[in-house]
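The shown structure was predicted, so the numbers you read here are calculated from the model rather than taken from an experiment. Below, read A as the first sequence line, B as the second, and so on, with proteins coming before strands; counting in each chain starts at 1.
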2 protein chains.
Amino acid sequence: MDNSPNISPEIPGGDSTEQRIFDAAHELFVQKGLDGAKMQEIADRAGINKALLHYYYRSKEKLFEMVVKAVINRAFPAIRQLLESDGPLEQKIVRFIDFYIELISRNTFVPLFIITELNRQPDRFFETIFPKDIPRPEVFFRQVEQEVALGNIRPLKPQHLLINIVSLCVFPFVAKPMFRVLLGMSPQELSQFMSERKEEVKRFVFQSIKP
Amino acid sequence: MDNSPNISPEIPGGDSTEQRIFDAAHELFVQKGLDGAKMQEIADRAGINKALLHYYYRSKEKLFEMVVKAVINRAFPAIRQLLESDGPLEQKIVRFIDFYIELISRNTFVPLFIITELNRQPDRFFETIFPKDIPRPEVFFRQVEQEVALGNIRPLKPQHLLINIVSLCVFPFVAKPMFRVLLGMSPQELSQFMSERKEEVKRFVFQSIKP
DNA sequence: ATATTTTTTAACCAAACAGTTAAACTATTT
DNA sequence: AAATAGTTTAACTGTTTGGTTAAAAAATAT
């Protein structure tokens with residue numbers, strides 16, 4: 001049916017109660033945050049009693065942490081693979097933009113969720129939550145530096161390039177409602193407009209790194 | 001001392017109790033959101049008793065709404081002025097980037113706060129909270145179309161240009177902790193690096209719109 | 001000084017909430 | 001079918017939280 005990239009809960013089981021609870025928690029925590037999502041609401045959405053939450057997942061904090069880990073562990077390996085993969089720089093950038101815009105447009109709340117969590121408890125991330133295999137963009141960086149040295153692209157720090165690309169891919173979707181206001185578009189118009197972004201971002205980026 | 005642009009509470013009074021309460025609420029709501037910030041915490045930060053909050057501001061909801069309005073009404077006129085001002089396109093873009101990066105780097109939580117609120121209650125914004133004078137970027141849009149027609153810049157929809165510029169200015173600061181992880185930098189290194197962004201974004205944008 | 005209004009506080013209240021308990025119900029094993 | 005382990009529930013508990021009240025203290029007016 002649809003094997004597009006998607007950051008969604010996919011812990012162990014299939015349709016078990018445990019799984020349904022986790023899915024409900026995942027959806028509500030990502031949308032409303034730790035304080036915004038209530039245990040009763042999670043129970044209702046999972047179609048079970050509140051006490052069951054505590055039977056399967058000891059506390060709200062524990063459940064929340066599991067959700068955070070699940071989100072992180074699905075979001076970062078995606079970046080990792082792309083940054084560390086082989087192939088010429090241009091191809092890599094094209095694939096990154098295509099994949100990442102696809103990913104974010106299907107999971108608009110996830111970046112906001114991750115950023116909020118990183119702000120809320122920065123230390124926890126480095127100590128416990130984060131996987132040991134954070135994407136190491138050095139391969140990508142060296143590749144950019146090489147192209148600069150060869151004169152194929154203009155001089156720029158690869159870190160800026162990475163930040164710029166990610167910003168152009170992610171922010172428009174995160175801030176979609178804001179841009180809707182700013183551009184005065186209807187939801188339909190905006191969706192149509194957003195579907196152009198894959199190509200626009202590519203043009204924008206490639207033009208901007210020309211020598 | 002410091003007359004840089006700053007989105008901060010500046011409702012009526014100076015150092016009155018009422019003002020101190022509002023300032024405390026502003027700070028905590030922007031950082032922690034409606035559910036995350038507690039009334040007791042606001043009272044503590046303002047250095048007063050909790051009951052005083054309800055003496056000056058009837059309910060949490062009311063106080064929150066005032067904070068939201070204050071944030072919105074300081075963030076948007078800033079954009080408005082720049083989008084509707086006179087002057088050649090290039091100058092306008094330069095000023096916009098300088099001003100906006102300065103603004104956001106001093107108020108990193110504000111964009112996140114606005115976006116979260118827009119997601120939480122999209123209707124409220126259009127009905128009550130939003131000022132009637134939303135920035136109308138048509139002047140800017142027509143100017144871009146003109147430059148395209150003259151062949152001074154490559155063909156592109158002005159809406160994409162605006163979104164791209166805003167994304168490049170705002171997102172790196174909003175997602176600072178995420179980039180810290182991704183780039184493996186210390187807070188000091190990252191701050192140093194971020195200070196380069198004004199110039200980098202300008203180069204990136206101008207290069208990308210060349211014919 | 002006395003009265004009056006504004007400001008501030010401690011103590012209290014009711015609702016919402018995370019979490020607990022003990023019992024019942026179901027499915028599986030023996 | 002009896003025992004056992006796994007699953008689900010209703011009812012309860014203690015804490016947090018938004019909000020109230022009544023009275024004291026401070027400031028202002030008469």
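- Looking at residues 28-39 of chain A, you'll see that no heavy atom sits under 4.0 Å from any atom of DNA chain D.
- The distance from atom CD1 of B/I42 to atom P of D/dG19 is 10 Å, rounded to the nearest whole Å.
- Looking at residues two or more places apart in sequence or on another chain, you find no ring pair (Phe, Tyr, Trp, His ring centres under 6.0 Å) involving B/H54.
- Although no hydrogens or angles enter the test, the distance criterion places a donor-acceptor pair under 3.5 Å between the side chain of B/K60 and the main chain of B/L34.
- Contact check, A/H54 against C/dG19: a side-chain N or O comes under 4.0 Å of OP1 or OP2.
- Side-chain rings of B/H160 and A/F204 stay apart, their centers remaining 6.0 Å or farther from each other.
- Counting heavy atoms of neighbouring residues, nucleotides and ligands inside a 6.0 Å radius, atom CZ of A/R58 does not exceed 12 of them.
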Got a list of protein N/O to nucleotides 7-11 of chain C N/O distances below 3.5 Å?
residue: C/dT8; atom: OP1; partner: B/T17; partner atom: OG1; Å: 3.4
residue: C/dT8; atom: OP2; partner: B/T17; partner atom: OG1; Å: 3.1
residue: C/dT8; atom: OP2; partner: B/Y56; partner atom: OH; Å: 3.4
residue: C/dT9; atom: OP2; partner: B/N49; partner atom: N; Å: 3.3
residue: C/dA10; atom: OP2; partner: B/N49; partner atom: ND2; Å: 3.4

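- Aromatic ring centroids of B/Y100 and B/F96 lie under 6.0 Å apart.
- To the nearest angstrom, C1' of D/dT9 lies 13 Å from CD1 of A/I21.
- In this structure, A/E41 atom CD and C/dA16 atom P are separated by 14 Å, rounded to whole Å.
- Proximity of a side-chain donor or acceptor of B/K92 to a complementary backbone N or O of B/D86 within less than 3.5 Å is not detected.
- Surrounding CZ of B/R45 are at most 12 heavy atoms belonging to other residues, nucleotides or ligands under 6.0 Å away.
- For the pair A/Q40 CD and D/dA10 P, the computed distance is 11 Å after rounding to whole Å.
- Just one of A/Q19, A/H26, A/R20 meets the side-chain hydrogen bond (donor to acceptor under 3.5 Å, both in side chains) condition when paired with A/D23; it is A/Q19.
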